[in-house]
Number of protein chains: 4
Amino acid sequence: MDRSGDAVDVRVQRSKAAVLAKTYELLTSGGIGGVSIDEVSRRSGVAKTTIYRHWPSRAALLVEACSTIGTAPPVPDTGSFGADLAALTEELAEQLRSARWAAVLPSIVDAAEREPELAGLHADLHARLMAPFGAVTERARARGELAADREPADVTAAIAGPLFYRRWFSREPLDAAFVQRVVEDALGQLSVRPHSP
Amino acid sequence: MDRSGDAVDVRVQRSKAAVLAKTYELLTSGGIGGVSIDEVSRRSGVAKTTIYRHWPSRAALLVEACSTIGTAPPVPDTGSFGADLAALTEELAEQLRSARWAAVLPSIVDAAEREPELAGLHADLHARLMAPFGAVTERARARGELAADREPADVTAAIAGPLFYRRWFSREPLDAAFVQRVVEDALGQLSVRPHSP
Amino acid sequence: MDRSGDAVDVRVQRSKAAVLAKTYELLTSGGIGGVSIDEVSRRSGVAKTTIYRHWPSRAALLVEACSTIGTAPPVPDTGSFGADLAALTEELAEQLRSARWAAVLPSIVDAAEREPELAGLHADLHARLMAPFGAVTERARARGELAADREPADVTAAIAGPLFYRRWFSREPLDAAFVQRVVEDALGQLSVRPHSP
Amino acid sequence: MDRSGDAVDVRVQRSKAAVLAKTYELLTSGGIGGVSIDEVSRRSGVAKTTIYRHWPSRAALLVEACSTIGTAPPVPDTGSFGADLAALTEELAEQLRSARWAAVLPSIVDAAEREPELAGLHADLHARLMAPFGAVTERARARGELAADREPADVTAAIAGPLFYRRWFSREPLDAAFVQRVVEDALGQLSVRPHSP
DNA sequence: CAGTAAACGAGACGGTACGTCCCGTCTTATG
DNA sequence: CATAAGACGGGACGTACCGTCTCGTTTACTG
């Protein structure tokens with residue numbers, strides 16, 4: 001019966017796609033509270049049984065629906081770490097302001113906090129979101145703009161820290177001035193040296 | 001008639017106290033999602049009807065139950081902004097590692113994200129937690145250690161940003177070295193001048 | 001402090017009257033299901049406590065509200081048993097068609113069926129309603145129109161039986177023809193002799 | 001899909017049967033007022049949700065539960081209307097003394113009085129109970145024992161009227177002498193002619 | 001005219017039931 | 001063997017009444 005792996009049954013793909021699409025639709029229209037498995041099933045025409053076959057819980061479905069959406073931005077390559085960082089930070093701020101995943105991340109964080117099995121999902125999502133910062137950081141280290149002991153984690157802490165804090169904790173607007181200052185402060189504290197090629 | 005406010009019937013106090021206590025208990029153990037009126041009623045022995053008599057909704061009960069959560073640390077007064085900030089930051093890190101509210105905040109953030117009536121609750125809690133940073137910042141500005149255009153919000157963003165990020169998003173341990181670096185970076189980017197009395 | 005029983009405090013009268021009036025009002029507007037102690041209290045301004053002080057239960061209040069209303073018709077005295085009986089029967093039929101107690105009696109019967117303490121109330125009400133039939137029957141026996149072995153109970157069974165049956169069991173209209181036939185049949189089976197004074 | 005009607009899922013049958021059985025139990029022990037969906041659910045082990053899935057309201061459930069109550073006695077065929085009627089009347093009196101439905105009818109009458117959706121239930125039950133009287137009446141008319149203008153309704157009024165009255169209103173015992181007199185009176189007022197075959 | 005006991009209003013309380021919504025599990029039949 | 005269809009047990013929601021229970025406050029008779 002071995003379908004040799006790659007012919008994974010087209011129906012599975014179809015079902016998952018339909019479910020994710022409707023989940024996304026409900027998510028954007030009614031927030032997380034507006035997504036119920038029953039409703040997704042009703043609208044997508046995919047049986048509830050099937051949904052539970054593919055996702056262990058409502059939370060898992062939400063996570064995937066969001067992570068599909070929360071695709072990391074392309075890694076910029078301007079030639080200088082500063083410009084790369086500014087571009088990425090602006091993009092991140094923009095997503096925090098408007099992207100669907102930004103409204104859902106706290107519930108994922110919360111889930112990760114109390115259900116260890118969901119912590120993995122959180123880690124995946126986080127890694128995906130932060131990957132571009134890692135990439136430009138590595139490049140900067142290779143070019144000597146950044147000291148060798150500066151880790152990608154330091155960069156994300158310096159950038160995402162203040163942004164996330166402002167988005168979810170102080171709940172003030174993420175205006176351009178704030179974003180710019182965050183970039184400058186980060187560059188300052190990371191002791192970035194100008195790149196001379 | 002007029003029972004003039006202070007003789008408000010002891011039973012009311014008892015009921016409310018019992019309900020709040022159990023709500024708090026459920027809150028810290030299961031987050032906001034773990035609090036249901038039915039469960040509070042069951043555990044507290046207070047009838048559901050009575051709970052609804054005192055709080056119009058689940059949200060209202062949560063707001064009041066949370067108002068006792070997260071007591072801010074005392075404001076240090078070492079004489080220098082740097083030392084004050086270091087003390088507060090270490091205290092905050094310690095609370096993030098162990099305090100009950102640290103496990104609950106994400107669910108509050110999540111709730112604030114989509115239930116407007118709970119946003120106030122989040123704002124209160126946040127203000128309470130960050131108040132000491134505001135106090136030492138104001139003092140530093142008065143003493144000239146800090147430029148007049150440096151707002152308390154800048155300080156909390158510089159300190160709480162990385163700490164919160166690490167606690168809930170990158171989920172790495174909040175070790176002493178990290179805390180120390182956060183303080184140093186913050187002092188650097190805030191352009192703190194030494195205090196000469 | 002013995003107020004010697006009969007000076008029962010005017011306030012009691014006032015409260016009871018107010019409660020019964022509103023109960024009656026609710027009863028006629030919303031049927032038995034429309035009467036709730038809370039609502040009666042709200043509308044009459046009489047505290048729930050006071051209501052329960054005077055009536056042991058909602059049922060008891062309803063019974064009294066109905067029995068106050070279901071006053072028996074005056075005993076006719078036409079000179080002949082047949083005419084008396086016809087008058088009483090027509091009056092009874094009229095009450096069955098329109099009086100408030102007619103809509104409530106079944107619930108009293110039901111209550112009497114399963115709560116012995118309410119059976120007494122039922123008996124009272126029944127006796128009050130049937131008293132006039134007893135009176136005219138006794139008179140007819142005294143005058144020799146009716147054999148001495150014909151009891152009032154036989155008369156009520158012959159008259160109220162078919163009427164009640166039609167009102168509550170077959171649920172057909174109590175039209176004049178039916179009422180007339182019931183009277184005739186009763187007179188026939190009671191072997192009424194014409195009265196010669 | 002089409003499960004074509006007869007393979008309607010055994011579970012549905014099981015649930016409905018369990019619910020109806022317990023409803024019937026509660027009904028006969030506590031009358032219509034003694035039936036609550038919660039209690040039925042609790043005793044039957046069938047979830048409240050499931051009950052509401054099958055019956056849109058408490059009333060609908062009661063209607064169905066009552067439809068099995070009160071099975072009519074077999075129609076006698078002695079050859080004469082008088083003997084048939086006597087047999088049926090004695091059987092009815094016996095049921096009034098002991099049958100479960102006799103304790104429940106008043107609450108059904110009461111319900112029919114004010115809940116139109118339950119009136120149908122009452123009508124069904126009444127028709128079922130009275131059917132045998134209709135049958136023997138028709139036969140008697142066909143044989144000429146009874147005038148053509150004597151309706152089954154007249155017979156039931158003459159028989160069930162006094163019996164029901166005595167059972168629920170005067171609440172005196174339904175002894176043999178009373179039953180016999182009711183039959184005789186009925187035969188008299190119906191002007192029954194002897195049957196000559 | 002003061003004292004006192006009843007009746008009273010206000011309303012908190014524990015409790016039961018309502019009918020609805022969603023969860024996640026299950027069973028069965030179809031393609 | 002993935003799926004559609006949908007029944008099922010369960011738990012929570014917020015509301016309406018029930019009947020009980022303090023508590024002070026009239027009110028009207030008594031001494």
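The figures that follow rest on heavy atoms only: side chains count, while hydrogens, waters and symmetry mates do not. Please read all numbers here as calculations on a predicted model, not as lab measurements. Numbered from 1 within each chain, the chains take letters A, B, ... in sequence-line order.
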Please confirm whether the backbone N or O of A112(A) pairs with a side-chain atom of W168(B), one donor and one acceptor, at under 3.5 Å?
->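 Here the side-chain-to-backbone pair does not exist.
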
Between A59(A) and R53(C), which is nearer to the 5' end of DNA chain E once each is assigned its nearest nucleotide?
->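 The residue whose closest nucleotide sits nearer the 5' end is R53(C).
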
All salt bridge (Lys or Arg N to Asp or Glu O under 4.0 Å) counterparts of D124(B), not counting sequence neighbours =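 So D124(B) forms no salt bridge (Lys or Arg N to Asp or Glu O under 4.0 Å) with any residue.
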
For V63(D), check side chain to side chain contact (heavy atoms under 4.5 Å, CB included) against everything at least two apart and list the hits.
->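 For V63(D) the side chain to side chain contact (heavy atoms under 4.5 Å, CB included) partners, ignoring immediate neighbours, are L118(D), L121(D).
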
Between K16(A) and R14(D), name the one whose nearest nucleotide on DNA chain F is closer to the 5' end.
->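 Whichever sits nearer the 5' end wins; that is K16(A).
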
Listed once per pair and sorted, the salt bridge (Lys or Arg N to Asp or Glu O under 4.0 Å) pairs that draw on residues 13-32 of chain A, sequence neighbours left out |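 Passing the test, one end in residues 13-32 of chain A: K22(A)-E25(A), E25(A)-R43(A).
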
Using a cut-off of 4.0 Å on non-hydrogen atoms, how would the nucleic acid contact of R58(C) be classed: base, sugar-phosphate, or nothing?
->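 Contact class for R58(C): sugar-phosphate only.
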
Between the first and last five pairs of the helix from dC1(E)-dG31(F) to dG31(E)-dC1(F), the angle of the axes, rounded to 10 degrees =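 Between the first-five-pair axis and the last-five-pair axis there is 10°.
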
Can you name the side-chain hydrogen bond (donor to acceptor under 3.5 Å, both in side chains) partners of S41(A), sequence neighbours left out?
->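 So S41(A) forms no side-chain hydrogen bond (donor to acceptor under 3.5 Å, both in side chains) with any residue.
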
Round to the nearest Å and state the distance from L26(B) atom CG to dA12(F) atom C1'.
->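 Those two atoms, CG and C1', are 13 Å apart.
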
Selected nucleotide, minimal atom distance to Y52(A) side chain, candidates dA6(E), dT25(E), dT27(E) |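 The answer is dT25(E), which lies nearest to the side chain.
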
Would you say a side-chain N or O of H54(B) is under 4.0 Å from OP1 or OP2 of dC13(E)?
->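 Indeed, a polar side-chain atom of H54(B) lies that close.
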
Looking at DNA chain E, which of residues 36-51 of chain D put a heavy atom within less than 4.0 Å of it?
->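 Listed by number, they are S36(D), I37(D), D38(D), R42(D), K48(D), T49(D).
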
